[in-house]
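Keep in mind that this is a model prediction, so the values were computed, not measured.
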Amino acid sequence: MLHKHGFIASRTNPYAPLLEKPVDILLDEQAIAYFKSMSAEAGIPYQGLIDMYLEEYAASNKRLDWAWK
């Protein structure tokens, strides 16, 4: 069904709540600055860029190699 502006009526994606979940996270100011500068170059929001990095890290099953000193 077309609306007066010519758009087809749409409905809300029922899976949208499953796609992302808001979380509070504390990040170092240098890390935020890094991702903000990269996001400006890429033209995407820095939160999305951080999410992509975390997804790639998790998908490759990488493990952090560090120890308290």
Side-chain angles (χ1 to χ4, degrees):
M1 174 179 180
L2 288 177
H3 287 278
K4 64 181 178 178
H5 299 291
F7 294 107
I8 295 175
S10 63
R11 5 174 216 173
T12 303
N13 180 349
Y15 301 103
L18 304 175
L19 299 177
E20 293 182 341
K21 180 178 180 168
V23 295
D24 292 330
I25 184 170
L26 299 175
L27 300 173
D28 182 88
E29 286 186 32
Q30 285 182 304
I32 295 169
Y34 171 78
F35 282 105
K36 281 187 175 183
S37 72
M38 286 190 58
S39 73
E41 292 174 21
I44 60 173
Y46 76 97
Q47 296 97 331
L49 189 58
I50 292 170
D51 184 55
M52 287 190 296
Y53 267 70
L54 291 173
E55 284 179 6
E56 183 177 323
Y57 206 86
S60 64
N61 203 28
K62 291 184 180 177
R63 298 287 186 236
L64 187 60
D65 183 19
W66 68 280
W68 289 100
K69 294 184 182 196

Worksheet item: Which heavy-atom pair separates Y46 from K36 by the least distance, and what is that distance?
Response: CE2-CE, 3.5 Å
Response to the item:
Looking only at heavy atoms, the pair that brings S39 and I44 closest together is CB-O, 2.9 Å
Worksheet item: In Å, rounded to the nearest 0.5 Å, how long is the span from CD of Q47 to CE of M52?
Response: 11.5 Å
Practice prompt. For L26, look at atom CG and say whether over 12 heavy atoms of other residues, nucleotides or ligands are found less than 6.0 Å away.
Written response: no
Practice prompt. Check whether any side-chain heavy atom of I50 sits under 4.5 Å from a side-chain heavy atom of I25, and report yes or no.
Written response: no
Fill in: CA sep, side-chain torsions, deciding dist, call: Y34, M38, side chain to side chain contact (heavy atoms under 4.5 Å, CB included)
CA-CA 6 Å; Y34 171 78; M38 286 190 58; 3.0 Å; yes
